[in-house]
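What you see is a predicted model, and the numbers here were worked out from it, not measured in a lab. In what follows, every heavy atom counts, from backbone to side chain, and hydrogens, waters and symmetry copies are set aside. Throughout, a chain's letter reflects where its sequence line sits, starting with A, and its residues are numbered from 1.
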Amino acid sequence: MSDPTFVTARVAGERGVADALQGLRQAGLSRESIEILSNVPLPEPVLGGPMKSTKLPVWTGAGLLIGLGLGVFFSIGTLFLYPVLVGGQPIRFAPPNLVIVYELTMFGIIVSTVSGFISETRLRPAARPYWRDVSLGAVYVVVEVPPDLVEARVRRALEEHGAEVVEAEEVLP
Amino acid sequence: MFTEFTRREFFKKAGILGTALALSGCGGNRAEERLVPFLKAPEEQVAGVFTNYASLCRQCPAGCGILVKTMGGRAHKIEGNPRHPLNQGKLCARGQAGLQALYNPDRLTGPQARVGGRDSAFGSITWDEAVVRLTGAVKEAQATPGGVGVLAGQLPDHLYRLASLMMLNGQGGDRPSSAMGRPPVVWNLLRACDGGNLLADAMNDLYGQRRLPFFDIGGSDVLLSFAANLFETWLSPVYFGRTYGEMRRGSETSRGYFVHVESRLSTTGVNADEWYAAPPGREAEVALVLGKVILTEQLASPDRPRAVDAYFADVDPRRLAGDLGLSFESLVSLARTIGGAEAALAIPGGGLGGSTNARAAVRAVMALNLLVGADQGGLRVSTGVPDPVLGPTERVSSFEEVQSLVEAMRGGEVQVLLVLDGDPLHDLPAALGFEAAAAKVPLIVDFSSFPTDTGEVLADLRLPSPTYLETWGYQVPQPGTSLATLGAQQPVVRQLHDTRSPVDLLLAVAKGLGGAVAAALPWENEVSYLKDSVSVLATRGGASIVSADPEAFHARWQQFGGWWSTIEEPRLGPPSVPARLELGPPPENTGGSASGRYLLRVYPSLLLAEGRHANLPWMQEVADTMTTVMWDSWVEVNPKAAADLGVRTGDIVKVSSNVGSVEAPVYVYPGIGPDMVAMPLGQGHRAYGRYAAERGADPAALLEMAAVAGTGELAWSATQVSLEKTGRSKRLARLERSAAEEIPEGL
Amino acid sequence: MLVVDLNLCTGCQACVAACFAENNIGVAGEDQVAMGRGRHWIKVERYWRSTEYPDVRAVYLPLPCQQCGNAPCEPVCPVFASVHSKDGLNSQVYNRCIGTRYCAQNCPYKVRVFNYFAPRFDPPLEQQLNPDVTVRSVGIMEKCTFCVQRIRRAREEAKVEGRELVDGEIVPACAQTCPPGAIVFGDGEDPRSQVARLARSERGFRLFESLNTKPPVVYLKKGDTKNG
Amino acid sequence: MADDARSGARGGHDPGSPSPEETARRLEAAGVRTTPAATEAELARLDRALDDQVFRSMSAISLRFVLVVLFLGGVVTLGAFAFGWQIYRGIGVTGLNRPVFWGFYITSFVFWIGISHSGTLVSAILRVLKVEWRRPLTRAAEAMTVFALMIGGLFPIIHLGRNWRFYWMIPIPNDRGLWPNFRSALMWDLLAILTYITASSLFLYFPLVPDLAAARDRSRGIRHKVYAVLSLGWRGTQQQWHRLHLGMRIFTVIVIPIAVSVHSIVSWDFGMTLVEGWRSTIFAPYFVIGAIYSGVAALISVLIVLRKATHLEDYLTVRHIDRMGKVLLAVAVIWFYFFWSGYLTDWYGGNAVARALQDLHTVGAMAPLFWAMIVVNMAVPFLFLWWRRVRTNMAAMLAISLLVNVGMWIERFLIVVTSPMRNSLSFDWGGYRPGWPEIAIVSATFAAFALLYVIFSKLLPLISTWEVKEGWRIDRWQREGVVELETDVPTLSEPGGAR
C-alpha cells in the first residue's frame with residue numbers, strides 16, 4: 001500500500017469547518033476521508049452529523065468478561081488449586097468471593113477501556129499531517145485523497161469554500 | 001554484647017541437623033524437593049533424637065529429680081524426672097530455667113586472681129597456681145583455730161559433708177577446739193524466710209528429732225496454711241504443688257478445702273477457698289481461736305495427747321477473733337469444717353518466722369495439728385539421710401551462727417573465707433556488716449560460677465565451679481517424701497568452661513595440707529568420693545536399686561537419677577508435749593510505730609528467690625503472678641495508703657528504715673493491709689552479669705537485726721519503714737496492661 | 001484438646017518458663033516488656049474478683065493459644081500464614097508470614113505474639129535452643145503451637161513402633177511441668193481419653209463461647225465453695 | 001513570576017480593552033455569570049489568556065519554588081530515613097504493642113485513602129451531573145486522588161513486619177506454590193486499591209491527553225519528547241475527541257462504584273473483625289461518607305492554596321470555594337448522622353467492652369482527642385459554614401478545611417488505634433505511644449503530598465484547559481442553538497443560573 005496523499009487546509013473557526021465540509025461533500029468526498037483538527041471538540045451539528053463509531057464499548061465489554069473470569073478464578077479457582085481451611089469457612093463459595101469478583105470486574109473494565117483508547121489512538125498505520133498551532137486554537141482540515149479523485153479537485157473545493165490550503169508543518173504518528 | 005542469631009546459623013552450628021533437613025526433602029513429593037519448602041511448616045520436620053540424662057535440680061535446696069534432654073552434646077530442655085518420688089516429673093519455673101545458668105553468657109570461664117588489692121581487676125591464673133595459693137593460705141590459717149570459714153547460700157549434701165569433714169578435721173558433731181574451721185555456715189534470706197530451723201526445733205520439742213516435718217498434702221482434705229507460700233519458694237514448692245493437685249482432685253465430689261492465713265495475699269493465698277488476713281505476726285493466733293472452738297464443740301481428735309488441750313485453756317476465742325479483726329462466725333464455721341474433716345492438716349509456714357514471736361507461733365500451729373490428730377495423718381517427719389555415712393547433710397545455720405562468723409571476721413579471726421554457692425554480699429542483710437567485716441579477712445575465695453556481688457567486690461580469688469548440670473553429687477531432699485531418697489546428680493554436658501568442682505578443689509587442698517585433714521578426706525576425686533559413699537546403699541533391700549556390684553549400683557543410681565526406698569517410713573510415735581505452751585509476748589516491730597510508718601514484709605521472689613536467679617533472663621521476663629512485674633523490684637502498697645501518699649503504680653518512692661533506704665517503684669496492691677508494705681527479694685545486685693546488675697532494689701538493706709524470741713533466728717519481718725515520694729516515676733514493666741478488674745466472660 | 005483446671009492452677013509460672021525453654025522464645029528485655037511486647041506464648045493472667053481489703057479475691061487464668069476450631073485469626077491473613085492443620089491445630093507458618101498483624105488484631109484471646117525485633121540469644125545461650133523449633137525472625141507473628149513438635153515426635157515414634165498413640169503420650173511442655181497437673185492434653189475426639197472425661201465436667205466452659213470460635217481448650221471453673 | 005504572567009497575558013490584547021480575566025472578575029463580582037457569551041474573537045482571547053496562565057506557570061521556576069521543594073524534599077528524606085531505620089532495626093522502633101498492633105501507619109492509610117476519595121468521586125459525580133462549574137477544578141481534584149492513593153497505598157507496606165516480603169500478597173503464580181488468601185479483607189484491600197489507583201490515574205490521564213498535546217506543541221527538547229510520548233500522538237481530530245468523550249463517559253460511570261467500594265473495603269478491614277469498636281455493619285457507609293468529608297475538605301484546602309500559589313484565581317474562583325463549602329456542610333451533617341448512629345447503638349447495647357471503649361473516649365485518656373474531633377468535625381463546620389461570608393473568606397475556609405482534616409485524622413486514630421485498647425480480656429487493655437519513625441514517616445507523607453502537587457504544577461497543566469474552553473463554547477453553542485441543553489442542571493450560561 002502506497003502512502004496516502006493528503007490535501008490539507010487551514011479554516012477559520014467553526015463556520016469555516018462547516019463550509020469546508022460542505023465543499024468537500026459536494027466534491028464527492030466521503031466523511032471518512034476527512035479529518036478536522038482543533039484544540040476543542042466541536043459539536044456534531046458543526047461537523048454535519050454523528051461521528052463514526054469507535055470500538056471502545058467492545059473493549060469495555062471484553063474487559064468486563066476478562067475481569068469477571070479473573071475474579072472467579074482468584075476467589076474460587078485458587079482454592080481448588082490449593083485448598084486451605086481457614087476459620088471454619090467453606091472452601092468454595094462464600095460471600096467474600098463476591099467482593100473479589102466485583103473488584104476484578106471493575107479492574108477489567110477500566111484497563112480494557114484504556115487499552116482500547118490507546119490502541120485506537122496510538123496504533124495508526126501511518127503518519128498524519130499536523131500543525132503545532134492547533135494547540136493555539138487554529139483549525140485544520142485534512143483530506144486523505146482517495147485514489148479515484150484528483151488532488152487538485154479537492155484543493156479547489158477547499159479553496160472555494162474559504163479554506164486556505166497549506167502544507168503540513170510536521171507529521172505525527 | 002548481643003549477637004543476632006538466625007535459624008540458619010543455628011543449623012550450621014548444630015551440624016548434624018543439616019543432614020536431617022536434607023533428608024526430609026526426599027519424599028518424592030514435588031513440593032518437597034524445593035530447598036526451602038514454603039508450603040511446609042518447619043515444625044513438621046523431625047530431626048535427630050534426644051538423649052535424656054537423669055540428674056538433680058540445684059536451683060533451690062529442695063532437690064527435685066530432673067531429666068535433661070540433650071542432643072549433639074547440648075542440653076536443650078530440663079524436665080522433671082517422672083521416677084523421682086519427690087517431684088514425679090514435675091518442675092517449677094526456676095527448675096526450667098537451669099539451662100540459662102548453664103549457658104549463661106556471664107559465666108566465669110576460668111580461675112582468676114586480683115592483680116593487686118581488692119579494688120584492682122582480676123587476672124587469669126592457672127588451676128595449679130590457684131590450688132597452690134589456696135593450700136598455702138589454708139595451711140597458714142590452720143594455725144588459728146577457726147581460721148578458715150565457709151559461707152554458703154545452699155550446698156549439695158555431698159559438698160556439705162566434705163566441707164564439714166575438712167573444716168572439723170574429719171570429726172563430726174560440735175566444733176572441736178582444735179579444728180581449723182567451723183561448721184559451714186549456710187544461710188541466706190531465702191533460707192530465713194523458709195523458717196526451716198523453727199520447724200525443726202518444733203519437731204525436736206515434740207519428738208526429739210531435729211528434722212523438718214513432712215506434710216502429706218495429697219492425703220489431707222482440709223488444709224490450713226499459716227503463712228506458708230507453698231507454691232512459690234517455700235522448702236519444696238514442686239512437691240507441694242503436685243500434692244496440692246492430688247488434694248484438689250481428691251474425689252469426684254470433693255476438691256478438698258484450702259484455707260490460707262497471712263497478712264499479705266500471696267500467690268499461694270489466691271488459691272485458698274478462704275483467706276484470713278490476720279494482722280502481721282499474729283497469723284498463728286487464728287490457730288488458737290480455731291483450736292479453742294474445736295475443743296469447745298468437742299470436735300477434737302479423741303486420740304490426741306490430752307496435754308495439748310492446756311494450750312488452748314486461756315483463749316477467749318470471740319475476743320481474740322475480734323482483736324485479730326476477723327469474723328468469729330466464719331472462724332467457728334471453719335473450725336467445724338476442720339473438726340469434721342477426715343484428714344485436716346495445718347502447715348506452719350515460713351512466713352511465721354519473720355516475727356519476733358515466731359517460735360510460739362509455730363508451736364501454736366503444731367498444737368492445732370495435734371488437736372485434730374494430724375500427727376496420725378498428714379503431719380510426719382522427714383525421712384532424713386538414708387545412711388549416716390552419707391551425712392552430715394546440709395544444715396541451715398541459725399542467724400546467730402552467721403552473726404558469730406561475721407563477728408569472727410570482724411575480729412580478724414578468720415584468715416580464709418571460702419564462699420560456696422552463694423552471694424553473701426547481696427544475700428545477707430546490710431545491717432549485719434558483712435562488707436566491713438570482709439575487709440578484715442586476708443583471703444576471700446569465691447567458688448561461684450558467676451560474677452556475683454561478693455566475687456566482684458570482695459573476693460581475692462575466684463575459682464569458678466561448674467554448674468550443677470556439669471558436675472556430680474548427691475542430695476537428700478528436704479523435707480522430701482515418705483520414701484527415703486538419695487538423688488543422684490551427674491553432668492549432662494561436657495564442662496563448658498575451664499571450671500573445677502569445689503569438691504575436687506577441696507580434696508586437692510586437703511592433700512596439700514596433709515595430716516588429719518588429708519586422712520579425713522582420703523578420696524582421689526569427686527567421682528571416687530561419690531562411688532565410695534553411695535555404695536553403702538547398694539545392697540539394702542526394699543529400694544529402687546539393689547545390686548551386689550557397687551559399680552553397677554552406682555551406674556544405675558545415676559541412670560535413674562537416684563536411689564529411693566520403696567517402703568514408707570513409719571509414722572511418728574506419740575509426741576511428748578510440753579506442759580504449757582509459752583505464747584510469749586506479741587510480735588515486736590522495731591523502728592517504733594509512729595504514724596506514716598509501715599511494717600515491711602519482705603518475701604522471696606517467686607522467680608528470683610533471694611536473688612540467685614536474677615541473672616537468668618527467663619526468670620526476669622516471666623512475670624510475678626500477683627503483680628505481673630518483670631525485670632524490676634516494687635513496693636506493694638495498699639490502695640488506700642497509696643491514695644493517702646499520693647502515689648500510683650510506677651511512682652518511685654524512697655523506702656527508709658532505721659538502718660538503710662532503697663528506692664523502688666510503687667505497685668498499688670489490694671492484697672495488703674494499709675499498715676504494711678511488702679517488697680520482694682531478688683533484685684538489687686551490684687554485679688551478677690548483664691541481666692541482674694544494677695537492676696531494682698534489695699530490701700535486705702532495710703532489715704534491722706531483730707531476733708526471734710527464744711531462738712537465734714532473724715525476725716526478718718519486724719522492721720518498720722517510711723515511704724517518701726521522690727517525684728519520679730517509671731513505666732513499670734508489667735505483663736498486665738491494666739488493672740484487670742473486669743472478669744472475662746465465663747471465668 | 002487441652003483441659004485447664006482452674007481449681008488446680010496455683011499461679012506458679014512453671015508453664016510459662018517451660019514454654020520459654022521448649023519453644024525458643026526470645027527474651028524481650030525490660031523496656032520492651034514494659035511496652036507490652038513480652039513474647040510469652042502462655043500467660044498466667046491474674047484477674048481480681050474483688051479488691052476491697054481484706055476481702056480480696058483473685059483468679060488465675062493460664063492462657064495459651066486456644067487453637068480455635070473457627071479461628072478468627074485464620075481467614076484474615078492475606079498470605080495463608082495462619083491456617084488450620086489437619087490435626088485441627090491452628091498453625092502459624094512462620095516463613096509465610098509477612099507481618100500484617102491482622103491475625104493478632106482479630107484474636108479475641110490476645111495470645112498472638114509479634115516479633116518486633118530479631119530475637120537475640122547472647123552466646124552461648126543459643127546452645128540451649130531446641131532444634132525441633134524454629135527461631136522466629138523479625139517481623140513475624142508467632143504463638144503457642146500446643147508444642148506441635150512434641151506431637152510430631154510422639155506420632156513418629158508410635159509409627160516406628162507400629163502402634164497407636166496412647167492417651168497421655170503427647171504432652172506439651174506446659175502440661176508436662178505443671179506441678180499440680182492443672183493442664184491436661186489429649187485427644188478430645190476419643191471419648192475414653194482423660195481430657196474428654198474432664199471436659200464433660202459440669203465445671204467445664206470455654207472462653208468466650210458466645211463468639212463461636214470453638215476452642216478445644218476447656219477450662220474447668222474454679223470452685224468457690226467446699227464442694228464446688 | 002506572577003507579574004510576568006499577567007503582563008504577558010495583557011500584552012496579547014488590544015491596549016485599552018479590559019483583559020478577559022478582568023472582564024470575568026467584573027462579571028463575577030456582579031454575581032451574574034463567570035464568563036461572557038463571547039464572540040469567537042473574544043473566545044480566542046479568553047483561550048489565549050488561559051493558555052498563557054496555565055502553560056507559562058509550568059515553565060517558570062522561582063527561588064520560592066526551589067525553597068519549597070527543598071523544604072518538602074527534606075521532610076520526605078527524613079521520612080525515608082526513618083523507614084530505612086525501621087527496616088534495619090525492625091518494626092519495633094514503632095510504638096506498637098500487644099494489644100495495639102496497628103498504629104499511626106494504618107490510621108494514616110485510612111486517612112489518605114479517605115482523602116483520595118473526594119478527588120475522583122467529586123469530579124466524577126459533577127461530570128455525571130454535567131455540572132458546568134466543575135470544569136476548572138476537576139484536574140486538581142483528580143490529581144489529589146492519585147497523590148493521596150500513592151501515599152496511602154504505601155502505608156500498608158510500611159506497616160508490615162517484613163516489608164521486603166510485601167509482594168507475597170500479589171496474586172501471581174509463584175515459586176512458593178501458594179496463592180494469597182482472597183478471604184482476607186487485606187486482599188480485598190489490595191485489589192480494591194489496585195483497581196482504584198489504576199482507575200483514578202487513568203481518570204486523571206484521560207482528559208490530560210489533549211493538554212499534554214498542547215504542552216508538547218509549546219515545548220522543545222526533552223520535555224517535548226516526553227510530552228509527545230505521553231500525548232499518544234494526539235492531533236485533535238474529531239474522531240479522537242469523540243473517543244475521548246465516550247471513554248470519559250464509561251469511566252465516569254465506572255469510577256463512582258469503584259470509589260465507593262474502595263472505602264467500603266477499607267472499612268471492612270475493621271468491620272470483618274471481632275474487635276469491639278470495629279465490628280459494625282454501619283462501617284462501610286460511615287467510612288465512605290467520612291472519606292468524602294475529609295476529601296472535600298482536603299480539596300478545598302488544596303484549591304485555596306493552589307489558586308494563590310499559581311495565580312489561578314481567575315479560574316479557581318471564590319465561587320468554587322463557596323460551592324464546595326456548601327458541599328462540605330452537607331457532608332458534615334451526614335457524617336455526624338452516621339457517627340451518631342454507631343455511637344448510640346454501642347451505648348445502648350451496654351456491652352461491657354463497648355462501654356469501656358466509650359469511657360476511654362469520653363472521659364478516659366483519649367478524651368482530649370475525642371472532644372477535639374467532635375468540635376472540629378461537627379461544631380465548627382456546623383456553626384460557620386451556613387454563612388456566605390465565611391464560605392467566601394479564603395482564610396477562614398482554609399482554616400476550617402484544615403481543621404476538618406485534623407479532625408478526620410483523629411477520628412481514624414480513635415477508630416483504628418484505640419479500639420483494640422479495650423478487649424474482652426481486661427488484663428490486656430493497653431495503650432499506645434507512637435515511636436519517632438512513625439511520626440517522621442507520617443509527617444513525610446504530608447510533605448510528599450504537597451511536594452507532588454508542587455512538582456505536578458511544573459510538569460502538567462493544573463487546569464484542564466480544553467474542558468474550560470469547551471465549557472465556554474458550549475455556552476455559546478447553546479445560545480446560538482447549535483446544541484441543545486442536555487440537562488436541567490443550571491449552567492453558567494443561564495443568566496442568573498447557578499446563582
Side-chain angles (χ1 to χ4, degrees), chain A residues 12-15 35-47 51-54 56-57 60 71 74-76 78-79 81-82 84 86-87 89 94 96-97 99-100 102-104 106-107 109-111 113-114 116-118 120-122 124 128-130 132-137 142 172-173, chain D residues 40 44 47-48 51 171 177-185 187-188 191-192 194-195 198-199 202 205-206 209-210 213-218 228 232-247 250-251 254-255 257-258 261 265 268 272 465-466 469-470 473-474 477 482-483:
Chain A
E14 294 151 17
R15 181 68 54 201
E35 280 184 340
I36 296 147
L37 276 54
S38 66
N39 70 341
V40 282
L42 299 174
E44 283 181 356
V46 173
L47 303 171
M51 290 303 301
K52 185 174 73 177
S53 67
T54 82
L56 264 190
T60 305
F74 278 174
S75 61
I76 300 166
T78 57
L79 280 172
L81 289 178
Y82 185 57
V84 182
V86 286
Q89 295 185 353
N97 297 354
V99 179
I100 299 295
Y102 172 87
E103 281 305 327
L104 284 167
M106 291 298 183
F107 187 74
I109 293 175
I110 292 289
V111 171
T113 305
V114 174
F117 178 77
I118 293 175
E120 289 193 351
T121 309
R122 184 77 195 171
R124 298 303 298 261
R128 317 284 292 182
Y130 187 67
R132 284 197 176 199
D133 57 355
V134 169
S135 286
L136 302 175
V142 174
L172 283 179
Chain D
E40 277 209 37
D47 285 1
R48 213 173 311 134
D51 287 349
L178 188 61
W179 289 91
N181 176 12
F182 293 100
R183 293 286 162 78
S184 167
M187 280 311 294
W188 313 348
L191 293 174
L194 182 72
T195 305
T198 311
L202 297 174
Y205 178 62
F206 237 41
V209 169
R216 172 195 66 197
D217 295 345
R218 279 159 223 265
L232 300 174
W234 180 269
R235 290 160 62 236
T237 71
Q238 297 311 304
Q239 192 68 39
Q240 286 175 327
W241 284 115
H242 175 66
R243 264 186 229 121
L244 183 68
H245 275 139
L246 184 65
I250 297 172
F251 247 89
I254 292 297
V255 101
I258 291 181
S261 78
I265 286 174
W268 290 338
M272 293 298 134
T465 59
W466 69 269
K469 291 173 190 167
E470 187 189 30
R473 280 167 180 75
I474 286 173
W477 294 333
V482 178
V483 293

Between [Y] and [X], is there a side-chain heavy-atom distance shorter than 4.5 Å?
| X | Y | result |
| --- | --- | --- |
| P41(A) | W466(D) | yes |
| E103(A) | L194(D) | no |
| L232(D) | F117(A) | yes |
| V84(A) | N181(D) | no |
| V86(A) | S184(D) | no |
| Y130(A) | D217(D) | yes |
| I254(D) | T60(A) | no |
| V114(A) | F251(D) | yes |

May I ask you to decide if G137(A)'s main-chain N or O and R48(D)'s side chain share a donor-acceptor pair within less than 3.5 Å?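 Flag not set: sc R48(D) to bb G137(A) has no pair under 3.5 Å.
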
Say whether, by atom type as modelled, one donor and one acceptor occur between the side chain of Q238(D) and the main chain of L42(A) under 3.5 angstrom.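 Judged by distance alone, yes, a pair lies under 3.5 Å.
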
[X], part contacting chain A, at a heavy-atom distance under 4.5 Å:
| X | value |
| --- | --- |
| I250(D) | side chain |
| P171(D) | both |
| F206(D) | side chain |
| A44(D) | neither |

Just how far is it from atom [atom1] of [X] to atom [atom2] of [Y], taken to the nearest 0.5 Å?
| X | Y | atom1 | atom2 | result |
| --- | --- | --- | --- | --- |
| M106(A) | T195(D) | CE | OG1 | 9.5 Å |
| W241(D) | N39(A) | CH2 | CG | 7.0 Å |
| R183(D) | Q89(A) | CZ | CD | 5.5 Å |

What part of [X] is in contact with chain D, defined as an atom under 4.5 angstrom from a non-hydrogen atom: side chain, backbone, both or neither?
| X | result |
| --- | --- |
| I109(A) | side chain |
| V142(A) | side chain |
| S38(A) | both |
| I76(A) | neither |
| N97(A) | side chain |

Kindly assign one of parallel, tilted or perpendicular to the pair W179(D) and F74(A), based on the angle between their ring planes and the thresholds 30° and 60°.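 The arrangement is tilted - the two ring planes meet at 30° to 60°.
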
Identify which of D51(D), L191(D), D47(D) forms the greatest number of heavy-atom pairs closer than 4.5 Å to chain A.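 Option with the greatest count: L191(D).
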
Heavy-atom pairs under 4.5 Å with chain A, option from H245(D), R216(D), M272(D) with the top count: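 The candidate making the most pairs under 4.5 Å is R216(D).
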
Compare every heavy atom of [Y] with every heavy atom of [X], then report the nearest pair and how far apart it is.
| X | Y | value |
| --- | --- | --- |
| R235(D) | V134(A) | O-CG1, 4.0 Å |
| Y102(A) | S261(D) | CE2-CB, 3.3 Å |
| P96(A) | W188(D) | CB-CZ2, 3.3 Å |
| L136(A) | R218(D) | CD2-NH1, 3.4 Å |
| S135(A) | K469(D) | O-NZ, 4.4 Å |

Inspect the surroundings of CZ in R15(A) and state if more than 12 heavy atoms from other residues, nucleotides or ligands are less than 6.0 Å away.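 12 or below, so no.
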
